[in-house]
Amino acid sequence: MQCKALVNRLSPCSPMSSQMDSPDAENKDSTGKELPHNTSTQSTTRKEPQSRSSMWLLPSISVTRHPSGKFSPQTDERCFSYCSQTTRGRTEGREPTCRSVCFRRVFAHEVRTAIAHDDALKEKAAQKDYGFPLPPEGQPNVDSLSSSKSDDIRYWEEGWYLWTSRSRWATQERLDLMMWDLDHQDHWQRHKDEVQKQWDDYWAEHQRQSGEQFHGTPTDNIQLEGTPYPVDGQVFPKQEARHPWQESNLVKLPPPLTPLLEPIHDLLSPSFKVLTTLQRSLESGAHAELAVRMWEKARTPDPFVLASTVCRKMWEKWKEGPPDSDTTSDL
């Protein structure tokens, strides 16, 4: 009897075992009331942390440092060109009227490249200390370029330069030179000088042999196309009166003020002398003495007597009227 009661208590049919084994027992509390369906799930599952994308992001800051020297992205030259043509000029095949302005900035690394940095070239560094010479339009005397030891040669320096031109050929060449550094530009200028010298020598030799004058070139001779120089039996073509660089100008900014101030100084030199004399008289006390004497004289009756006499004489002359033509005026 006692064994049967113990078996009944431990059997799955007992209320306690059925309550523990039934799936609904998981959603009931100790009193037998039902709990919400998600209560057990929330109690057993931990809350996952928020993802990084949902977090508040700080603004990103990036620092970019551009390379310096010859790989710098800074602009070192800007050019502005303007050309115009007329109907008559187009009909007659004339050159267009062009105006060009360029602003060139030379950096330190461009002029320092002329100084030798190799041990094998240190002996020749003294010859390259001046850097690269300016083109002909920037030289005060073009003939000085032919002599490497001339003191009149101007060289590129660090700073700003202004280039102006009225030649379209010079403008086209300037645009091409924007692809080259000062070293390549110097080599190009030397090449042009050599070709020009060969041309001048050939011209002089031909003129000496033919006995013709420079401006007396006949126009009935035709030069073959594609030949840089006249073939045998032909004369030189007529040379241009002015070279493209002769219509150009290159100056360093800011320009020297000495030539501008000298004419102004010469114009105002008399004024400077007058002001200097006035300053000396003021320092000596002559003007102060004159002012004291004028004040003392004004306090005497002499100025009043002089003014009354002048007024009386004027009144008498006004009452007499205009003088007769036969009589002479007292005035």
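For R312, the CZ atom sits in a packed shell: over 12 heavy atoms of surrounding residues, nucleotides or ligands are nearer than 6.0 Å. Counted within 6.0 Å of CZ on R78, heavy atoms from surrounding residues, nucleotides or ligands total 12 or fewer; the atom is thus considered open. Around the CD atom of E205, the shell of radius 6.0 Å holds more than 12 heavy atoms that belong to other residues, nucleotides or ligands. Applying the 6.0 Å contact sphere to CZ of F272 captures more than 12 heavy atoms from other residues, nucleotides or ligands.
Under a hydrophobic clustering in which Ile, Leu, Val, Met, Phe, Trp and Tyr are joined whenever their side-chain heavy atoms come within less than 4.5 Å, directly or via other members, F132 and V111 fall into the same cluster. Follow the hydrophobic side-chain contacts under 4.5 Å out from L162 and you reach W160 in the same cluster. W245 and L177 fall into different hydrophobic clusters, where Ile, Leu, Val, Met, Phe, Trp and Tyr residues are linked whenever their side-chain heavy atoms come under 4.5 Å apart, directly or through other members. Cluster annotation: I264 and L275 are assigned to distinct hydrophobic clusters (Ile/Leu/Val/Met/Phe/Trp/Tyr, side-chain heavy-atom contacts under 4.5 Å, transitive).
The closest side-chain heavy-atom distance from V251 to N249 is below 4.5 Å. Side chains of K313 and K317 form no contact here, defined as non-hydrogen atoms less than 4.5 Å apart. D152 has its side chain out of reach of Q139: every pair of non-hydrogen atoms, C-beta onward, lies at least 4.5 Å apart. Contact annotation: the side chain of P140 approaches that of R154 to within less than 4.5 Å [non-hydrogen atoms, C-beta and beyond]. Between T164 and S248, the closest side-chain pair of non-hydrogen atoms is not below 4.5 Å. By the 4.5 Å heavy-atom criterion applied to side chains, Q207 and W203 are counted as neighbours. By the 4.5 Å heavy-atom criterion applied to side chains, E157 and V106 are not counted as neighbours.
Side chain of E110 to main chain of F107: a donor-acceptor pair is present (N/O by atom type, distance under 3.5 Å, no hydrogens or angles). In this structure, the side chain of Q85 does not engage the main chain of T97 through any donor-acceptor pair within 3.5 Å. Using a distance-only test at 3.5 Å, with no hydrogens or angles considered, a donor-acceptor pair links the side chain of S308 to the main chain of V305. With E137 contributing its side chain and Q246 its backbone, the two residues share no donor-acceptor pair below 3.5 Å.
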Working for side-chain contact (heavy atoms from CB on, under 4.5 Å), residues H187 and H191: CA-CA 6 Å; H187 282 79; H191 173 71; over 6 Å; no
CA sep, side-chain torsions, deciding dist, call: D193, K197, salt bridge (Lys or Arg N to Asp or Glu O under 4.0 Å): CA-CA 6 Å; D193 294 341; K197 185 177 182 304; over 6 Å; no
Stepwise side-chain contact (heavy atoms from CB on, under 4.5 Å) test for W169 and E247: CA-CA 10 Å; W169 300 107; E247 298 182 1; over 6 Å; no
side-chain contact (heavy atoms from CB on, under 4.5 Å) between F80 and S100, intermediate numbers included: CA-CA 6 Å; F80 306 91; S100 300; over 6 Å; no
Show your working on side-chain contact (heavy atoms from CB on, under 4.5 Å) between K319 and M314 and close with a plain yes or no. CA-CA 9 Å; K319 289 196 323 179; M314 291 178 61; over 6 Å; no
Does E173 form a salt bridge (Lys or Arg N to Asp or Glu O under 4.0 Å) with K192? I'd like the steps, not just the answer. CA-CA 12 Å; E173 182 184 17; K192 290 197 305 180; 2.6 Å; yes
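The pair E296-R293 does not count as a salt bridge, with every side-chain nitrogen at least 4.0 angstrom from each carboxylate oxygen. Salt bridge present: E77 and R174 bring a charged side-chain N and a carboxylate O closer than 4.0 Å. A salt bridge between E194 and R190 is absent, with no side-chain N of the basic residue lying under 4.0 Å from a carboxylate O of the acidic one. For the pair D181 and K70, the salt-bridge criterion is not met [side-chain N within less than 4.0 Å of a carboxylate O].
Between the SG atom of C102 and the CE atom of M178 there is a distance of 6.5 Å, given to the nearest 0.5 Å. Here H184 contributes atom NE2 and Q189 contributes atom CD; the two are 15.5 Å apart, rounded to the nearest 0.5 Å. For the atom pair OG1 of T171 and OH of Y82, the computed distance is 14.0 Å after rounding to the nearest 0.5 Å. Taking SG from C83 and CZ from R166, the interatomic distance works out to 13.5 Å, rounded to the nearest 0.5 Å. In this structure, the separation between CG on L267 and NE2 on H265 is 11.0 Å, given to the nearest 0.5 Å. The distance from the CG atom of L175 to the SG atom of C79 is 6.0 Å, given to the nearest 0.5 Å.
Annotation for K252 and G159: closest pair NZ-CA, 4.3 Å, computed over non-hydrogen atoms. Here the closest non-hydrogen pair linking D266 and P270 is O-CD, 4.1 Å.
With hydrogens and angles left out, the side-chain atoms of Q172 and D176 include no donor and acceptor closer than 3.5 Å.
Ring-plane geometry between Y202 and H206 is classed as parallel, the angle between the planes falling under 30 degrees on a 0 to 90 degree scale with a further cut at 60.
Between Y161 and W156, a ring centre-to-centre spacing shorter than 6.0 Å is recorded.
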